[in-house]
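These notes concern the structure reproduced below.
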Amino acid sequence: MAISLFTTLPFLSPTTTIFTLSTILTNSTTRYHFSTITMNSTTTTTSAASSSSLQHVPEQDSNEMERFANVTFQRYTSNSTKRNGNGTAIVWFRNDLRVLDNEALYKAWLSSQTILPVYCVDPRLFATTYHFGFQKTGALRAQFLVECLADLRKNLMNRGLNLLIQLGKPEDVIPSLAKAYGAHTVYAQKETCSEELNVERSVSRCLQQVGEPSDESVGGARSLNNHPKLEFVWGTTMYHRDDLPFDVTCLPDVYTQFRKTVEAKCAVRSSIKLPASLGPPAPVEDWGSIPSMEQLGLCSQNVSKGMKFVGGETAGLSRIYDYFWKKDLLKVYKETRNGMLGSDYSTKFSPWLASGSLSPRLIHDEVKRYENERQANSSTYWVLFELIWRDYFRFLSVKYGNSLFHIGGPRNVQRNWSQDKKLFESWRDGCTGYPLIDANMKELSTTGFMSNRGRQIVCSFLVRDMGIDWRMGAEWFETCLLDYDPCSNYGNWTYGSGVGNDPREDRYFSVPKQAQTYDPEGEYVAYWLPQLLTIPREKRNFPGSLYIRQVVPLKFGTTGRNNKEETSLGGARRRYDRRWNRN
Ligand SMILES: Cc1cc2nc3c(=O)[nH]c(=O)nc-3n(C[C@H](O)[C@H](O)[C@H](O)COP(=O)(O)OP(=O)(O)OC[C@H]3O[C@@H](n4cnc5c(N)ncnc54)[C@H](O)[C@@H]3O)c2cc1C
Ligand SMILES: Nc1ncnc2c1ncn2[C@@H]1O[C@H](COP(=O)(O)OP(=O)(O)OP(=O)(O)O)[C@@H](O)[C@H]1O
C-alpha cells in the first residue's frame, strides 16, 4: 500500500514544522520486498451466515462505556496529595495512553503549575518493518491508535487538561515545545527496545541544546544552562523494575524460575491515584487534530466480521468491567482461556495493555478486588500468571537487547531457514490448505487479533512444518496485531521457534491434534472459512479434497485420527504440546 505524504496539521505557532515522509524518512531500512504484500482486507466473506456476526469489544455502547469507566475513574482517584511544583512540565505520551495509574502524568502534575501533555505521531511508526518491508503499523492498529488518542484527549479534558497532537519525530517536536514553553522537565515512560531507546537518546540530545547560553565555553563552543531535564518513569509491567529481587541483567532465563522468584520476593505496587483535576494546561493556541488514516498514509480497513476492538482507556476500563464484574467470567478464565471463537474465552486486555490504555497494575488491583468481593480461585490467579509472562518478556528485552530480534535469538542458534516467498504468502493469506491455520490467519488480517492458542499453532506451523524464517512471521504479526508489543511478540516468536533463551528447542504443535482438541466441531474454522459449513462438523478440520490443496505436508503426519506416524510420535508430540501449554 502506498504511503502518501504526511499532511500538516495545524501546529502551534512557535513550533510549526512541515513534515513530509520523504523529509522525515531519509534512511529506509527496507532490505527485502514482496511485490504483493497488502493487508488482506478482502479475505472476509460476504456469506449470510457470517456477515452479521460482528462483535464489538467491549460490547457496550459509548454511553454505557462512559458510565462504567467513570465508576472506575472515581475509584482510582484521590485528592489527598498536595501539588507543590513550579513552572511547566511536559508529559510526552508514548505507549502509556491513559490517565489512570500514569506515573509520568502524576509526576508532571506534582512538579509543576501547568502541564503540557503531548503525543508525537512519529512517521517511523508508519514506515516498514526492518527486514521484509511490511507496513510497520497496519491499518487496524493505526485505527485503534487514533481511537486511543481521541479518548485520551477527552479524558484529559475531563481533568482540566488537553492533549497536544503533533505529527513529527519526538526529537524534533519535544525540544522545540520545551523551549517555547520554558518547560523545566519532560516526563515520559521508559521503553526497552532499541528503536525506542534510539528515540530516547535523540530527544535527550536535542533537549540539551535547549537552554540559556552560559558564559562558559566548552571546547570553544558556548554551553547551555538550565536545559530541560528528561525524566523517565517505569510503567510497562505489573511488577516494577525497581522491585525485582535481582538485577534485571541477571534475570532467570526460565520463565518458571522468574515467576516463582518474583511471586515469593516482591509485591505488585498499587496503582497510582491521580487527583480529579490536573489543570490548568499550558496556554496552547491550537491543540492539533486527531490524525486521520489518510494523514498516516493508510487506507481505512473496516472490520466486517469477528471482533472489532474499540481503542482507548474508556473502552479498556469497560472491558474490565464487562469481563470481571458484569459477565463474571474471571472465575472461569483458566478453563476457557484456550478458546479461539468469540470474545469471552479470555480477557482480551492485550490491545489496551500494548497501547498503555490499561495499566497492568490496575488490572492487578481489580483482580484483588474481585477476589475479595466475589471469589479467589485458580482462574483469578491465572490472569496474573499470564501477566507475569508479559512482564517476563519485557524484562528479557532489557537483558538480551537486540538479540531478541536476531535470527539466532538470544542463544544465537544456527539453523537453516527458508524464505520461500510463495509458502510464506500462503501462510500470510490463509491459503495453506489446513483449515485451522487458514482460519487463524484470516482472523488476524480481518480483525487484528488472534487467540493465544491460534498464535502458537500458526507459529509452529510456519517455522516447523514450513521451515520458514521465524522473523517473517514475527514481522507480519508486527504489522497486523492490535496488541503488537515488541517484547511479547518477538519474545514469543523466539520462544516458539526454539531460538529463545529457554533451552528447550523443539516445540511442535500438531495441527490435527490441536484441531481435535480445540475445535472438535469445526465451529471456529467454519466461522472463518464458510465454505466448510456444508461439510459434516467432524470433517471440517480434515476436509481432504473438499478444501484447497495442502501446500506442505506436516512434519508428523497430515490427518487427525488413525495416523500411524502420529501414533508413533504421539508421546513426543504430546510433550511438545505440553511445554507450550504451560499449565
Ligand atoms: C507468536 C506469538 C506472538 C505474540 N505476540 C504478542 C504481542 O505482540 N503482544 C501481546 O500482548 N501478546 C502477544 N502474544 C501473547 C498472547 O498470545 C496474547 O497476549 C494474548 O493472546 C492476548 O489475548 P488476551 O488479552 O485475551 O489474553 P489473556 O489470555 O486474557 O491473558 C491476559 C494477559 O496476559 C498477557 N499474556 C498472556 N499470554 C501471554 C504471552 N504468551 N506472552 C506475553 N503476555 C501474555 C497479555 O497481556 C494478556 O492480555 C503472542 C503470543 C504468541 C504465541
Ligand atoms: N520496537 C521495535 N519493534 C520492532 N523491531 C525492533 C524494535 N526495536 C528494535 N527492533 C529491532 O532490533 C534490530 C536492531 O537492528 P540490528 O540487529 O541491526 O542492530 P544491532 O543489534 O546493532 O546489530 P548488531 O549488533 O548485530 O550489529 C532490528 O531488527 C529492529 O527491527
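Atoms within a ligand are numbered from 1 in the order they appear, just like the ligands themselves. We're numbering straight along the sequence, starting at 1.
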Got a sec, which residues hit side chain to side chain donor-acceptor pair (under 3.5 Å) with E366, two or more places apart in sequence or on another chain?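 If we apply the side chain to side chain donor-acceptor pair (under 3.5 Å) test to E366, skipping adjacent residues, the hits are Y76, W325, R369.
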Does any part of the side chain of W476, heavy atoms only, come nearer than 4.5 Å to the side chain of T129, both counted from C-beta?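 A side-chain contact under 4.5 Å is absent here.
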Kindly indicate whether the side chain of Y434, heavy atoms from C-beta on, has any atom under 4.5 Å from the side chain of W427.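 Heavy-atom side-chain distance check fails, nothing below 4.5 Å.
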Examine [X] against ligand 1 and note whether any of their N/O atoms are separated by less than 3.5 Å.
X: Q456; result: no
X: S451; result: no
X: D485; result: yes
X: W389; result: no
X: L481; result: no
X: W493; result: no

Below 4.0 Å from any atom of ligand 1, is there a heavy atom belonging to [X]?
X: L353; result: yes
X: R337; result: no
X: Y392; result: no
X: Y345; result: no

Taking atom NZ of K260 as the centre, report whether more than 12 heavy atoms of other residues, nucleotides or ligands fall under 6.0 Å from it.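 12 or below, so no.
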So is K442 actually on top of W528's ring, under 6.0 Å and inside 45° of the axis?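 So K442 doesn't make the cation-pi contact.
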Ring centre gap for [X] and [Y] strictly below 6.0 Å:
X: W234; Y: F395; value: yes
X: F405; Y: Y130; value: no
X: W389; Y: Y255; value: yes
X: F324; Y: F349; value: yes

Which is closest to atom 3 (N) of ligand 2 by heavy-atom distance: Y484, Y130, Y490, F405?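 It is Y484 whose heavy atom sits nearest to atom 3 (N) of ligand 2.
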If you measure from atom 19 (O) of ligand 2 to every heavy atom of N402, T192, T129, which option wins on shortest distance?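 Closest candidate by heavy-atom distance is N402.
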Within reach of ligand 1, part of V383 (heavy-atom separation under 4.0 Å):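 For V383, there is no contact with ligand 1 at all, from either part.
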Checking contacts here: is it the side chain or the backbone of S194 that comes within 4.0 Å of ligand 2, counting heavy atoms only? Could be both or neither.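 Both the backbone and the side chain of S194 come within reach of ligand 2.
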Report the part of K136 in contact with ligand 2, treating N, CA, C, O as backbone and CB onward as side chain, heavy atoms under 4.0 Å; options are side chain, backbone, both, neither.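 K136 to ligand 2: side-chain contact only, backbone stays beyond 4.0 Å.
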Does the distance from a Lys or Arg side-chain N to an Asp or Glu carboxylate O, for R455 and D483, drop under 4.0 Å?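 So R455 pairs with D483 through a salt bridge.
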Run the numbers for me: atoms of ligand 2, each under 4.0 Å from some heavy atom of [X], listed by number.
X: H406; value: 16 (P), 17 (O), 21 (O), 23 (O), 26 (O)
X: E478; value: 3 (N), 4 (C)
X: P486; value: 1 (N), 2 (C), 3 (N)

Per-atom contacts of ligand 1 with F393, taking only distances under 4.0 Å to non-hydrogen atoms: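 Atoms satisfying the 4.0 Å criterion: 42 (N), 43 (C).
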Could you tell me which residues satisfy side chain to side chain contact (heavy atoms under 4.5 Å, CB included) with A474, sequence neighbours excluded, listed by chain and number?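 A474 satisfies side chain to side chain contact (heavy atoms under 4.5 Å, CB included) with W470, N489, Y490, W493 only.
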